[in-house]
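A, B, ... follow the sequence lines: proteins, then strands. Residue 1 opens every chain.
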2 protein chains.
Amino acid sequence: MTATIRDVAQRAGVSVATASRVLTGSRKVSPILAERVNEAAAALDYRHNAVARALRRGHTNTVGMIVPEIGNPFFPAIVEAVERRLQGTGRDLFLCDAQQDVAIERHRVHALIARQVDGLIIVPVSATASRAALADIPGSVPVVQVDRFVEEFAADWVGVDDELGIGLAVEHVASRGAHTIAFVSAALESSSALQRHEGFERAIARLGLPSDFPRLLGTYRAEWGRAAAIELLHSGALPDAVVCGNDEIAVGVLGEFRRRQVHVPDRVLVTGFDDIRFAALADPPLTTVRQPHEQLAAECIRLLDARLADPQTPVQRTAIAPTLVIRESTGGAS
Amino acid sequence: MTATIRDVAQRAGVSVATASRVLTGSRKVSPILAERVNEAAAALDYRHNAVARALRRGHTNTVGMIVPEIGNPFFPAIVEAVERRLQGTGRDLFLCDAQQDVAIERHRVHALIARQVDGLIIVPVSATASRAALADIPGSVPVVQVDRFVEEFAADWVGVDDELGIGLAVEHVASRGAHTIAFVSAALESSSALQRHEGFERAIARLGLPSDFPRLLGTYRAEWGRAAAIELLHSGALPDAVVCGNDEIAVGVLGEFRRRQVHVPDRVLVTGFDDIRFAALADPPLTTVRQPHEQLAAECIRLLDARLADPQTPVQRTAIAPTLVIRESTGGAS
DNA sequence: CCAAATTGGGTAAACGTTTACCCCTTCCTT
DNA sequence: AAGGAAGGGGTAAACGTTTACCCAATTTGG
């Protein structure tokens with residue numbers, strides 16, 4: 001069996017209180033005894049039991065994070081940034097994947113809550129169907145939503161201003177001469193899909209562009225981009241530009257256009273959203289709306305800590321303005 | 001304060017034992033009392049405290065997983081497969097990211113061990129420098145290494161046969177007429193880099209191909225692929241084929257070649273390793289060595305459970321044969 | 001030099017569960 | 001009808017820590 005603090009205390013000839021004190025440094029202990037305790041701990045290969053400690057202390061020094069789908073490269077990027085922020089605060093991040101399924105997402109919430117995480121960071125799968133999961137979080141545990149949010153649910157949120165982001169993309173392709181613009185994105189399930197769609201409609205209206213070109217809504221994946229590209233080609237009238245809801249879709253669109261010899265950007269302009277690692281490596285390199293991961297993560301942890309410090313803090317929603325990164329898929333810089 | 005089982009018992013007018021029994025279903029309880037307990041639990045919004053439960057029961061129903069870098073899309077793919085396998089076994093997966101740093105990796109191991117995970121799945125950062133981290137895992141907790149392993153360390157492993165995989169790639173490009181072949185991969189730090197390098201050398205020797213073409217070793221990232229491609233171009237004699245240590249590198253190589261108008265596959269053949277999501281979307285679509293995620297995950301859980309059932313089980317290392325996926329970057333099918 | 005404060009040690013309660021053990025009914029079995 | 005088994009309830013110990021509280025010894029201050 002693995003050694004307990006009791007064993008350590010016994011071997012060192014001190015009380016468990018003393019052992020605990022030297023092991024955690026919670027109070028001063030005479031150097032002689034401290035030395036003995038440390039020796040005993042080393043000799044017994046003692047590891048503290050964080051479960052017992054958490055039970056007694058009432059907190060776990062753990063924050064849980066749930067993302068909709070870890071396979072979507074945007075989320076790992078956010079996770080890495082959050083992890084860096086958490087570094088050095090003495091807390092560990094445990095990551096869970098909801099597999100794009102609100103039932104699994106809810107299960108993850110329960111698992112994390114049961115394990116008494118000190119806080120929860122979540123990118124909700126759905127703007128509406130994730131409400132049940134979020135609602136199961138007791139008021140005593142701080143939650144912050146990142147990137148996506150649940151509608152009409154009172155919890156902190158930090159993300160990019162999706163409407164503005166899509167607006168940048170639309171304005172950019174318009175400035176490059178595009179008049180007819182199609183929109184390929186994910187079904188209006190997640191808040192980001194909703195907001196980006198909204199942003200597209202508004203931008204089109206604002207610029208007085210024709211609004212009878214297709215909005216194709218599927219999933220945030222490249223396969224969907226491919227399929228949508230085919231649909232656009234079959235529909236006859238190819239638009240001047242295709243604004244995509246994220247980079248994966250855009251990469252799929254690019255791939256299909258390439259396969260069918262539709263030249264980008266000469267024949268069609270294409271834009272993405274997120275600026276994932278692969279965007280710059282696509283062919284042609286993808287013009288996209290960059291999400292500032294580090295800022296998002298920083299704000300996320302700030303919100304979490306604020307709520308941790310004072311649970312009564314009013315709910316905050318922080319929208320950060322994204323920036324446009326111009327690459328070859330819309331004709332390149334200049 | 002959140003309600004405890006004591007509160008539930010009190011409200012239901014039963015003992016905590018009875019409450020616990022109905023809440024966990026561990027023993028039969030009369031329907032009348034069971035009803036009362038359930039009502040009380042619902043009324044108080046009772047959530048069981050998994051920390052207390054784990055302390056008492058001695059296990060957590062949690063398995064921990066540590067990957068070198070969650071931003072490398074190969075790992076999320078493995079994670080997803082593992083998660084699916086774990087589904088329905090009543091255990092939850094907590095994922096941690098080592099950020100390619102053995103010190104952080106070791107910290108993650110400690111964090112997970114302290115929290116009493118029932119098992120640990122790890123993709124070690126380094127074949128040598130990760131030994132310290134692995135050595136810190138007490139013998140009482142089952143560990144299985146996936147994809148990569150620590151040299152001369154007695155712990156289960158499951159992965160793909162890297163040597164064989166690279167062999168497939170080399171043989172394939174050779175069969176397409178490549179005579180001079182360069183190898184672009186990661187520095188010989190991780191076991192996969194070591195094995196793939198070894199596989200390359202052996203295949204070259206076996207086929208009697210010239211061995212004086214460059215081996216460029218950097219990182220498993222696209223930027224390195226770009227840099228290596230530039231190096232190859234500057235070195236004068238461009239090889240007939242470039243075999244890459246993973247898909248990200250290959251995508252970088254492809255990107256740079258495209259930018260410099262070096263045609264793939266007409267001028268150079270390029271292969272990758274892993275078959276990540278983007279491999280098929282690269283330009284041209286990438287010929288690569290496919291890792292069978294589902295099989296890897298299945299074997300991983302099998303190993304973990306075997307060791308859980310009997311800690312004395314002899315150490316097993318399972319190498320699964322990968323398959324070659326032929327795409328345009330080597331001339332396409334047929 | 002005495003009172004007060006400080007230091008450094010120990011005892012035991014508490015955190016929230018689960019479950020071994022005990023006890024009282026009730027129901028079979030012969 | 002007696003004996004035993006089975007069913008269903010409760011009490012309390014245990015899991016491994018941390019820490020409030022207590023106490024003795026020492027130091028400090030006037």
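Interface remark: the A/Arg47 side chain does not form any donor-acceptor pair with the D/dG16 base, using a distance-only criterion of under 3.5 Å. Taking 3.5 Å as the limit, the base of D/dT17 and the side chain of A/Arg56 contain no donor-acceptor pair of atoms between them.
Using a 4.0 Å cut-off between charged nitrogen and carboxylate oxygen, B/Arg106 and B/Asp136 count as a salt-bridge pair. Taking 4.0 Å as the cut-off between side-chain N and carboxylate O, B/Asp45 and B/Arg47 count as a salt-bridged pair. Salt-bridge annotation for A/Asp156 and A/Arg317: absent, with no side-chain N of the basic residue lying under 4.0 Å from a carboxylate O of the acidic one.
Note: CZ (A/Arg53) to P (D/dT19) measures 9 Å, nearest angstrom. Taking atom CG of A/Asp7 as the reference point, atom C1' of D/dT17 lies 13 Å away to the nearest angstrom. The CD-P distance, from B/Glu35 to D/dG9, rounds to 14 Å in whole Å. Whole-Å rounding puts the B/Ile5 CD1 to D/dC15 P distance at 19 Å. Taking atom CG of residue A/Asn61 and atom C1' of nucleotide D/dT17, one finds them 14 Å apart after rounding to whole Å. For A/Leu33 and C/dT7, the CG to P distance is 17 Å, given to the nearest whole Å. Between the NE2 atom of A/His48 and the P atom of D/dT18 there is a distance of 8 Å, rounded to whole Å. In this structure, the CD1 atom of B/Ile32 is 13 Å from the C1' atom of D/dG7, given to the nearest Å.
Between B/Lys28 and D/dG8 there is a side-chain polar atom (N or O) within less than 4.0 angstrom of OP1 or OP2. Checking the phosphate oxygens (OP1, OP2) of C/dG9, a side-chain nitrogen or oxygen of A/Ser30 falls inside 4.0 Å. Phosphate contact (OP1/OP2 of D/dT18, side-chain N/O of A/Ser20, threshold under 4.0 Å): present. B/Ser15 has a side-chain polar atom (N or O) that falls below the 4.0 Å cut-off from OP1 or OP2 of D/dG10.
Looking only at atom types and distance, the side chain of A/Thr89 has a donor-acceptor partner in the side chain of A/Arg91 under 3.5 Å away. Side chains of A/His107 and A/Asp101: no donor on one and acceptor on the other come within 3.5 Å.
Take the nearest nucleotide of DNA chain C for B/Ser26 and for B/Leu55: the residue whose nucleotide is more 5' is B/Leu55.
Out of C/dA12, C/dG10, C/dG16, the shortest distance to the side chain of A/Arg27 is found at C/dG10. Side-chain atoms of B/Arg21 lie closest to C/dC21 of the nucleotides D/dC21, D/dT19, C/dC21. The B/Asn49 side chain lies nearest to C/dG16 when the options are D/dG9, C/dG16, C/dG9. The side chain of B/Ala17 lies closest to D/dA12 when the candidates are D/dA12, C/dG8, D/dT18.
Counting any heavy atom pair closer than 4.0 Å across all strands shown, A/Val51 reaches no nucleic acid atom.
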